[in-house]
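In each ligand, atom 1 is the first atom listed, and ligand 1 is the first ligand listed. None of these values were measured; they are calculated from a predicted model.
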Amino acid sequence: MKKRIAVYPGSFDPITNGHLDIILRSLQIFDELIVAVAHNVAKKSLFSIEERLALIRETVTAYPQVRVDTFHGLLVDYVCERGACVVIRGLRAVSDFENEFQLAQMNHSMNPRFETLFMMTSVPYGYLSSSIIKEVASLGGNIEDFVPPGVRIALEKKFSDQQQD
Ligand code: ADP
């Protein structure tokens, strides 16, 4: 039988337990998941692409069905080249909806085979985003319940290095 493959694209700056929850739930539906970090020059990031890839790889090391990759350019092209044509996106508050709806429609009109599958956030992660985690960590708050252990260490190091600069 043909493998069911999906792509989970995003910035992952850095990966949080909210992202991890979506990854693990996707594995219940798909045989293989490609977590794809987008090169987005317009978005200022805290971690480099290489750092983000390394943090994701370390987080999903126990799941051989998850591949970690990066992509430039159009998501539709990247996804269909990998034989996937299904993209997973997470939805938190209503505020996520408008932008996601626009993206899904645009991608579908560029390639009618392209589908976007939305997963509702799990209750404990509804308020969790990479941005809020960075803000809390930059102010010295405790983030250990919200991110994988390696990410907590990386954030602490990033902000202590920045203070020394
Ligand atoms: P982007 O910059 O593309 O939105 P993110 O890394 O912020 O990338 O998010 C990637 C995807 O994961 C998006 O679909 C986002 O809605 C989803 N996501 C992020 N945090 C959560 C969460 N706590 N619960 C569910 N989905 C989430």
- Mark up the atoms of ligand 1 that fall under 4.0 Å of a heavy atom belonging to Gly10, in ascending order. 3 (O), 8 (O), 10 (C)

- Note on the structure: heavy-atom search around atom 24 (N) of ligand 1 in the protein gives Thr121 OG1, 2.9 Å

- One should read off an interatomic distance between Leu155 CG and Ile133 CD1, to the nearest 0.5 angstrom, of 8.0 Å

- Task: Could you list which atoms of ligand 1 come closer than 4.0 Å to a heavy atom of Arg89?
- Result: 1 (P), 3 (O), 4 (O), 10 (C), 11 (C), 13 (C), 14 (O)

- Item | Residue pair Val86 / Val7, side-chain heavy-atom distance below 4.5 Å | no

- Task: Can you measure from NZ (Lys134) to CG (Leu46) and round to the nearest 0.5 angstrom?
- Result: 6.0 Å

- Starting from atom 26 (N) of ligand 1, locate the nearest protein heavy atom and write down its residue, its atom name and how far away it is, to 0.1 Å. Gly90 CA, 3.5 Å

- Note on the structure: the protein heavy atom lying closest to atom 2 (O) of ligand 1 turns out to be Lys43 NZ, 2.4 Å

- Contacting atoms of ligand 1, where contact means under 4.0 angstrom from a heavy atom of Gly18: 22 (C), 23 (N)

- Message: Is the ring pair Tyr8/Phe12 parallel, tilted or perpendicular, if the boundaries are 30 and 60 degrees?
- Response: perpendicular

- Please identify which atoms of ligand 1 are closer than 4.0 Å to at least one heavy atom of Pro9. 10 (C)

- Item | Ser130 versus Asp13, side-chain donor and acceptor atoms under 3.5 Å | no

- Task: Of the side chain and backbone of Met119, name the one, both, or neither that has a heavy atom under 4.0 Å from an atom of ligand 1.
- Result: neither

- Task: Starting from atom 17 (C) of ligand 1, locate the nearest protein heavy atom and write down its residue, its atom name and how far away it is, to 0.1 Å.
- Result: Tyr8 OH, 3.6 Å

- Task: Take the angle between the ring planes of His72 and His39 and call it parallel below 30°, perpendicular above 60°, tilted in between.
- Result: parallel

- Task: Report the member of Tyr125, Tyr127, Phe118 with the shortest heavy-atom distance to atom 23 (N) of ligand 1.
- Result: Tyr125

- Message: Just to confirm my output: which protein heavy-atom neighbour is closest to atom 9 (O) of ligand 1, and how far is it?
- Response: His19 NE2, 3.4 Å

- Under 4.0 Å between heavy atoms, the region of Ile22 that gets near ligand 1 turns out to be side chain

- Query: Considering only the protein, which heavy-atom contact is closest to atom 21 (C) of ligand 1, and what is its distance?
  - Reply: Arg92 CD, 3.6 Å

- Message: Counting non-hydrogen protein atoms only, what is the nearest one to atom 8 (O) of ligand 1? Give residue, atom name and distance.
- Response: Ser11 N, 3.0 Å

- Of all the atoms in ligand 1, which lie at a distance below 4.0 Å from a heavy atom belonging to Phe12? 6 (O)

- May I ask you to check whether Thr70 and Arg52 show a side-chain donor-acceptor distance below 3.5 Å? no

- Is there a chain of hydrophobic side chains (I, L, V, M, F, W, Y, each step under 4.5 Å between heavy atoms) that links Leu53 to Val60? yes

- Is there a path from Ile49 to Ile15 through hydrophobic residues (I, L, V, M, F, W, Y) whose side chains come within less than 4.5 Å of each other? yes

- Stepwise side chain to side chain contact (heavy atoms under 4.5 Å, CB included) check, Arg89 with Met119: CA-CA 6 Å; Arg89 295 288 287 173; Met119 270 196 195; over 6 Å; no

- Give yes or no for whether the N/O distance cutoff of 3.5 Å, strictly under, is met between Leu91 and ligand 1. no

- Message: With rounding to the nearest 0.5 angstrom, report the CG to CD distance, Leu103 to Glu98.
- Response: 11.5 Å

- Classify the contact between Ser130 and ligand 1 as side chain, backbone, both or neither, using a heavy-atom distance cut-off of under 4.0 Å. neither

